[in-house]
There are 2 protein chains.
Amino acid sequence: MKISDAALKVGLPVKTIRYYSDIGLVTPTGRSAAGYRDYDHSALKKLVFIRRAREFGFSIDECRDLLDLYEDQNRSSADVKHLASLRLRDIEQKQKELQLLHDELSHLVQSCKGDGRPDCPILSNFAQV
Amino acid sequence: MKISDAALKVGLPVKTIRYYSDIGLVTPTGRSAAGYRDYDHSALKKLVFIRRAREFGFSIDECRDLLDLYEDQNRSSADVKHLASLRLRDIEQKQKELQLLHDELSHLVQSCKGDGRPDCPILSNFAQV
DNA sequence: TATAGTCCTTCCAGTAACTGGAAGGTCAAG
DNA sequence: CTTGACCTTCCAGTTACTGGAAGGACTATA
């Protein structure tokens, strides 16, 4: 599969996938005779995983660790489990924070009259500090 | 409140708060005689809101829009409502994606034996493409 | 009152992770 | 056999910080 089709399927810009290829995060499965990058199913899965992880603030290096751990058969699965457990905690914390952000904005939308009057109480709905 | 105390309260690095001050995103309430930045309760609220929004991929400009809309009394609350509604959609989508990421990693943790054997099936638990 | 330590300031340079654009090769359709 | 939409590499620019230097300010203790 060529890079633009891969980009469509996984929801990342072509430029970004090319960048990931450059830095060795997800290398293409192969190259066509003309030098075009080729991506297979497992590469697509990795890209989707990375897209999600990146969207939620995990660094490239953290993503790399998870992928590398899998691909390096010398590492033990205990390492993977430990790393994944740590990230799971992070994600659960993020879920709570995201819910708070949702609540704030949702309350804002509900309390705005939306009739053109500039009395929208956005600040009064801000998070408790 | 001085910048380091503010940083502690809102969960942002001092450097970042100073940066937000420099770019005019959240300006300090005032300055002490010595020129120290001073932050009050409402500034802290703005900082917490921005921290959350930034963590979930909203750009500085998107944050600025929400804050500016509030502070610009010439804007109508309908504008705020519309903008906040759009962001709310984004957040709901993010909640779904975050749940998927959580499921992936959680399944990974559960299926890893954690006994040192390198047979952890991380890739087989990747998202469906 | 001196001095040590921990703040604070500005400024400037560096980093992470893209992102845009130029210059040029490839390929299917008409 | 050319047009247009792909693809390639390379290099420069952007966003949002982040680290460090140089120096001023405040607090506690000797």
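Labels below follow one simple rule: chain letters A, B, ... track the order of the sequence lines, proteins then strands, and each chain is numbered from 1. Only this structure's heavy atoms are used, side chains among them; waters, hydrogens and symmetry mates stay out.
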(message) Looking at Arg37(B), I'd like to know whether one of its side-chain N or O atoms comes within less than 4.0 Å of OP1 or OP2 on dT9(C).
(response) yes

(request) Would you mind checking if Asp40(A) and Lys9(A) are paired as a salt bridge, meaning a charged N to carboxylate O distance below 4.0 Å? (result) no

(request) Look at the side chain of Glu62(B) and the backbone N and O of Ser59(B), then say whether any donor-acceptor pair between them is shorter than 3.5 Å. (result) yes

(message) If I take atom CD1 in residue Ile17(B) and atom C1' in nucleotide dC7(C), what distance separates them, rounded to the nearest angstrom?
(response) 15 Å

(request) Rounded to the nearest angstrom, tell me the gap between atom CG in Asp5(B) and atom P in dC8(C). (result) 7 Å

(message) So Lys2(B) and Tyr39(B), do their side chains get closer than 4.5 Å, heavy atoms only?
(response) no

(request) To the nearest Å, give me how far apart CD1 (Ile23(A)) and C1' (dT15(C)) are. (result) 14 Å

(message) From the set dC6(D), dT9(C), dT26(C), return the single nucleotide nearest to any side-chain atom of Ser4(A).
(response) dC6(D)

(request) Give a yes/no answer on whether the side chain of Arg18(A) brings an N or O atom under 4.0 Å of OP1 or OP2 in dT8(D). (result) yes

(request) Could you tell me the separation between the CE atom of Met1(B) and the P atom of dC7(C), rounded to a whole number of Å? (result) 15 Å

(request) Measure the distance from CG on Leu8(A) to P on dA5(D) and round it to the nearest whole Å. (result) 16 Å

(message) Tell me whether the count of non-hydrogen atoms from other residues, nucleotides or ligands lying under 6.0 Å of CZ in Arg31(B) goes above 12.
(response) yes

(request) Write down the atom of Ile23(B), the atom of Ile60(B), and the distance for their closest heavy-atom approach. (result) CD1-CG2, 3.8 Å

(request) Encode nucleotides 12-24 of chain D as B, S and - characters from 5' to 3', where the letter depends on protein heavy atoms closer than 4.0 Å: B to the base, S only to sugar-phosphate, - to neither. (result) ----BBSBB---B

(request) Determine the sole option in Glu92(A), Gln95(A), Lys94(A) for which the side chain to side chain donor-acceptor pair (under 3.5 Å) test with His102(B) is passed. (result) Glu92(A)

